[in-house]
2 protein chains.
Amino acid sequence: MAVTIRDVAEASGVHVSTVSRAFSAPHLVNPATRTRVLAIAEDLGYRPNRAARALTTGRTHNIGLIVADIANPFFPPLIKAAQAQARLRDYHVFVADTDEDPQVEEELIQTLTKQVDGVLLCSPRLTNRTIERLREEVPFVVVNRRVKGMPTVLMDVGRGVRLAVEHLAGLGHRRLALVTGPSGSWTSKEMQAAAAAMGEADVAFLGPNPPTELGGLAAVTDVIASGATAVLAYNDLVAIGLMEGLAERGIDVPGDISVIGVDDIVPGRLSRPKLTTIAMPTAAAGRIAVDMLLQSVDSDSTGGVTVLETSLIVRESTGETHS
Amino acid sequence: MAVTIRDVAEASGVHVSTVSRAFSAPHLVNPATRTRVLAIAEDLGYRPNRAARALTTGRTHNIGLIVADIANPFFPPLIKAAQAQARLRDYHVFVADTDEDPQVEEELIQTLTKQVDGVLLCSPRLTNRTIERLREEVPFVVVNRRVKGMPTVLMDVGRGVRLAVEHLAGLGHRRLALVTGPSGSWTSKEMQAAAAAMGEADVAFLGPNPPTELGGLAAVTDVIASGATAVLAYNDLVAIGLMEGLAERGIDVPGDISVIGVDDIVPGRLSRPKLTTIAMPTAAAGRIAVDMLLQSVDSDSTGGVTVLETSLIVRESTGETHS
DNA sequence: ATACTTTTTGCAACCGGTTGCGGTATACGA
DNA sequence: TCGTATACCGCAACCGGTTGCAAAAAGTAT
């Protein structure tokens with residue numbers, strides 16, 4: 001069996017409480033005994049059992065990270081950053097995939113709560129009501145969605161959309177199409193609102209669509225029918241699907257139609273033509289979200305809303321219109 | 001505070017041990033009391049504390065999943081599948097990113113051991129010796145690397161390479177280049193061995209290279225110098241980098257040079273031309289790895305080696321040679 | 001040397017569960 | 001009717017730590 005605090009106590013001839021304090025309250029134990037105890041612990045290979053510790057302290061030093069779909073290229077950078085930041089703060093992270101299923105999401109949260117100090121909800125599909133209820137049991141921070149009175153980190157797509165529309169207007173585009181995402185998506189609504197608020201060009205709203213390549217592929221005929229010379233897609237995956245569909249019909253990008261995506265995921269950087277896109281600061285979002293979470297964990301603060309800037313990355317899929 | 005087993009006991013007028021058994025040893029309690037207790041637990045919102053339970057049972061119902069780089073597109077499907085399978089078995093999963101650093105990897109394992117029943121090591125960078133030592137503390141299963149006497153799941157790249165070489169030979173290619181990966185990589189060695197063992201064509205080994213786009217980009221001059229008409233790259237990322245570099249030099253793929261990658265990651269499916277690649281069954285690997293892990297957890301079996309088939313997916317980056 | 005602080009350590013209860021053992025109540029066979 | 005097997009339940013110790021309280025030791029001032 002693994003070596004426990006009692007083994008260390010016995011080996012060093014002190015009481016377990018002294019060993020415990022040697023680790024977690026150094027100032028309460030004689031420096032000499034402390035170093036002796038630590039040395040003995042070291043060569044016995046003792047490692048405190050975090051779960052046992054959590055039982056009395058109420059701090060598990062774990063957080064939960066719940067995402068809709070790990071395999072969606074949007075999330076891995078966020079997960080990676082969150083995990084790295086957590087490690088910096090000496091936290092471990094559970095990650096769970098809900099497969100876009102609210103049912104699963106709720107159950108996951110339920111079973112996780114006792115083992116974590118807080119959970120990060122990324123693009124949750126749960127209703128606001130459910131989230132507010134669950135909130136009683138464990139601190140949250142929500143990423144990529146607005147939930148009243150809850151600590152949140154948002155990425156300002158609105159700004160990105162404005163930048164994109166200006167960029168397109170500058171290239172002479174007057175008629176745009178916005179290929180929207182799933183109907184429940186906060187991001188999609190933001191994009192529509194931002195696009196609608198700009199006077200630069202006419203914009204047709206096409207959707208809702210699934211947030212995937214297939215969604216983009218399926219939207220091609222509508223895009224063509226709309227007569228738009230430039231398209232803003234819900235995300236890069238949709239944009240790539242769109243470009244495939246256009247290519248199949250012999251329509252040149254950006255020669256005939258310009259395309260802009262959202263997210264700046266790896267595939268977009270590698271596509272042909274390379275995709276112009278609105279970059280979402282996902283890594284920063286992950287990092288900041290865990291900081292907010294840990295802060296709200298040990299200060300019970302209500303926590304505010306952090307809005308992260310987005311930017312436009314111009315690559316090869318946008319160009320002047322010739323129509 | 002959260003509702004505990006004692007709250008339930010009190011509310012239902014029985015001893016805590018009865019409540020405990022109502023949950024985890026149903027046959028030891030009167031069906032009538034059991035349903036009553038369960039009902040009361042339900043509407044008190046009681047959820048057993050898994051960490052506390054683990055203290056006595058020795059089963060945490062958690063596993064650890066350690067990967068080199070979450071953001072590398074190779075891993076997310078594996079993580080997703082592993083997590084899904086774990087959930088099926090009522091397990092939660094910690095995922096940790098080592099950033100390719102063996103130091104971090106070891107430390108992560110150390111701090112995780114007490115909280116998990118076992119850990120999945122994906123493409124570990126640790127030395128065999130270290131792995132064998134750590135093994136004393138927690139059950140492992142290793143993915144994508146061979147470690148003597150340890151439960152392992154491997155993907156048979158060798159077969160994929162043979163298929164690829166045959167495919168190329170069939171297209172008339174006689175002179176190939178293999179752009180290898182990092183020097184420590186098991187996969188890279190397997191690929192070299194398989195390629196060397198085939199008589200179909202001459203093959204030049206170019207490397208080692210970092211397993212990224214940049215690695216591919218950097219290998220371009222060597223590839224050209226080698227006079228090869230077809231290239232097999234360490235992975236899809238390298239292949240994509242290669243294709244960029246070739247395009248920059250005005251060399252057509254597959255017209256002038258054919259390119260094959262390994263992994264079948266999403267970006268390869270979306271690249272232009274679409275990448276011919278050796279598909280690695282990462283999702284299956286994740287699923288099977290957790291099953292092997294859980295099995296070795298509750299049977300102490302030494303566990304064998306599972307080898308998964310790979311296959312060749314022919315897309316657009318390979319074609320007949322005209323030289 | 002004495003009284004009073006301050007530092008260091010031990011004791012024991014507690015966190016939220018599980019489980020071996022023994023006690024009761026009921027059922028069953030003789 | 002009695003003895004005994006069986007089903008159900010409670011008691012209490014335990015898992016591996018932490019922590020309030022008090023005792024012991026060491027230091028300080030008088």
Side-chain angles (χ1 to χ4, degrees), chain A residues 1-38 40-41 44-62 90 110-117 137-138, chain B residues 1-38 40-41 44-62 90 110-117 137-138:
Chain A
M1 203 45 191
V3 24
T4 76
I5 202 174
R6 306 191 201 254
D7 299 326
V8 178
E10 193 164 353
S12 35
V14 298
H15 195 263
V16 296
S17 57
T18 301
V19 178
S20 172
R21 282 187 278 251
F23 281 93
S24 41
H27 60 286
L28 288 182
V29 36
N30 185 311
T33 38
R34 180 172 128 87
T35 54
R36 189 163 51 83
V37 168
L38 257 33
I40 293 180
L44 253 51
Y46 169 72
R47 296 261 159 183
N49 182 325
R50 290 165 158 241
R53 176 180 291 175
L55 214 45
T56 51
T57 61
R59 284 272 166 283
T60 62
H61 267 244
N62 293 146
D90 196 27
Q110 299 271 21
T111 58
L112 228 35
T113 52
K114 291 293 198 343
Q115 282 185 95
V116 300
D117 294 340
E137 312 192 15
V138 60
Chain B
M1 203 44 192
V3 25
T4 77
I5 201 175
R6 303 188 204 257
D7 299 328
V8 178
E10 193 164 355
S12 36
V14 298
H15 194 262
V16 295
S17 57
T18 301
V19 178
S20 172
R21 282 188 276 252
F23 280 93
S24 41
H27 59 285
L28 288 181
V29 34
N30 185 313
T33 39
R34 180 171 129 86
T35 53
R36 188 164 50 85
V37 167
L38 257 33
I40 292 180
L44 253 50
Y46 168 72
R47 295 262 158 184
N49 181 325
R50 289 165 160 241
R53 176 180 292 174
L55 215 45
T56 51
T57 61
R59 284 271 166 283
T60 62
H61 268 244
N62 293 146
D90 197 26
Q110 298 272 21
T111 59
L112 228 34
T113 51
K114 292 292 197 347
Q115 282 184 96
V116 301
D117 294 339
E137 312 191 15
V138 60

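Atom set for the values below is all heavy atoms of this structure, side chains included, hydrogens, waters and symmetry mates excluded. Residue numbers start from 1 in every chain, and the chains themselves are labelled A, B, ... in the order their sequence lines are given, proteins ahead of strands.
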Trainee: Over all strands shown, is B:R47 touching base, sugar-phosphate only, or nothing at heavy-atom distances under 4.0 angstrom?
Mentor: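 Since only primed, P, OP1 and OP2 atoms lie under 4.0 Å of B:R47, the category is sugar-phosphate.
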
Trainee: Does a nitrogen or oxygen in the side chain of A:T57 sit under 4.0 Å from OP1 or OP2 of D:dT19?
Mentor: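 So the side-chain polar atoms of A:T57 never come under 4.0 Å of the phosphate oxygens OP1 or OP2 of D:dT19.
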
Trainee: Taking CZ from B:R50 and P from C:dT18, how many angstroms apart are they, rounded to a whole number?
Mentor: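 Rounded to whole Å, this separation is 12 Å.
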
Trainee: Can any side-chain N or O of A:R34 pair as donor or acceptor with the backbone N or O of A:P26 at less than 3.5 Å?
Mentor: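 Not confirmed, A:R34 side chain does not pair with A:P26 backbone.
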
Trainee: Shorter than 3.5 Å, N or O on both sides, protein versus nucleotides 10-14 of chain C: list them out with atom names.
Mentor:
from	atom 1	to	atom 2	distance (Å)
C:dG10	OP2	A:H15	N	2.8
C:dG10	OP2	A:T18	OG1	2.7
C:dG10	N7	A:R21	NH2	2.9
C:dG10	O6	A:R21	NH1	3.4
C:dG10	O6	A:R21	NH2	3.2
C:dC11	N4	A:S17	OG	3.4

Trainee: Taking CG from A:D7 and P from D:dC15, how many angstroms apart are they, rounded to a whole number?
Mentor: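 In whole Å, D:dC15 P and A:D7 CG are 11 Å from each other.
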
Trainee: Check the distance between D:dG16's C1' and B:R53's CZ and give it to me in whole angstrom.
Mentor: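 My rounded result for the distance is 18 Å.
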
Trainee: Considering heavy-atom distances to DNA chain D, does B:A52 or B:P31 have its closest nucleotide positioned more toward the 5' end?
Mentor: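 Nearer the 5' end of the strand: B:P31.
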
Trainee: Counting neighbours of CD on A:E10 that are heavy atoms of other residues, nucleotides or ligands and sit closer than 6.0 Å, is the number greater than 12?
Mentor: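 For A:E10, atom CD is not crowded (no more than 12 foreign heavy atoms under 6.0 Å).
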
Trainee: For B:L55 and for B:H27, locate the closest nucleotide of DNA chain D by heavy-atom distance; then report the residue assigned to the nucleotide nearer the 5' terminus.
Mentor: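 Its nucleotide being nearer the 5' end, the pick is B:H27.
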
Trainee: Could you check whether B:T4 gets within reach of a base, just the sugar-phosphate, or nothing at all, counting any heavy atom under 4.0 Å?
Mentor: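 Sugar-phosphate only.
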
Trainee: Check for a donor-acceptor pair, side chain of B:S20 on one end and backbone N or O of B:V16 on the other, with a separation under 3.5 Å.
Mentor: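 Between the backbone of B:V16 and the side chain of B:S20 there is no qualifying donor-acceptor contact (under 3.5 Å).
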
Trainee: Report the distance from atom CG of B:L28 to atom P of D:dT6, rounded to the nearest whole Å.
Mentor: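 The answer, rounded to whole Å, is 15 Å.
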
Trainee: Run the numbers on A:K114 and B:R50 for side-chain contact (heavy atoms from CB on, under 4.5 Å), then give the verdict.
Mentor: CA-CA 7 Å; A:K114 291 293 198 343; B:R50 289 165 160 241; over 6 Å; no

Trainee: Rounded to whole Å, how long is the line connecting atom CZ of A:R34 with atom P of C:dT7?
Mentor: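 It is 17 Å, rounded to the nearest whole Å.
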
Trainee: From A:Q115 CD over to A:T60 OG1, what is the distance, rounded to the nearest 0.5 angstrom?
Mentor: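 So the gap between those two atoms works out to 8.0 Å.
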
Trainee: With a 4.5 Å cut-off on side-chain heavy atoms, are A:F23 and A:L38 touching?
Mentor: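 Contact flag for A:L38/A:F23 side chains = yes.
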
Trainee: Counting the atoms with a prime plus P, OP1 and OP2 as sugar-phosphate, which does A:Y46 contact under 4.0 Å by heavy atoms, base, sugar-phosphate, or nothing?
Mentor: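 Result for A:Y46 = sugar-phosphate.
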
Trainee: How many whole angstroms separate atom CG of A:N30 from atom C1' of D:dA25?
Mentor: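 In whole Å, D:dA25 C1' lies 11 Å from A:N30 CG.
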
Trainee: Whole Å only: how far is the CZ atom of A:R36 from the P atom of C:dT8?
Mentor: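 Rounded to the whole Å, the gap is 14 Å.
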
Trainee: Is the closest side-chain heavy-atom distance between A:R47 and B:T113 below 4.5 Å?
Mentor: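 They are not in side-chain contact.
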
Trainee: Mind calculating the distance between CZ (A:R59) and P (D:dT18) to the nearest angstrom?
Mentor: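 One finds 15 Å between P of D:dT18 and CZ of A:R59, rounded.
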
Trainee: Any idea which of C:dT19, D:dG17, C:dG16 is nearest the A:N49 side chain?
Mentor: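 Nearest to the side chain of A:N49 among the choices is D:dG17.
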
Trainee: Please state whether the base of C:dG17 and the side chain of B:R6 form at least one donor-acceptor pair under 3.5 Å?
Mentor: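 It does, because a donor-acceptor pair links the side chain of B:R6 to the base of C:dG17 below 3.5 Å.
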
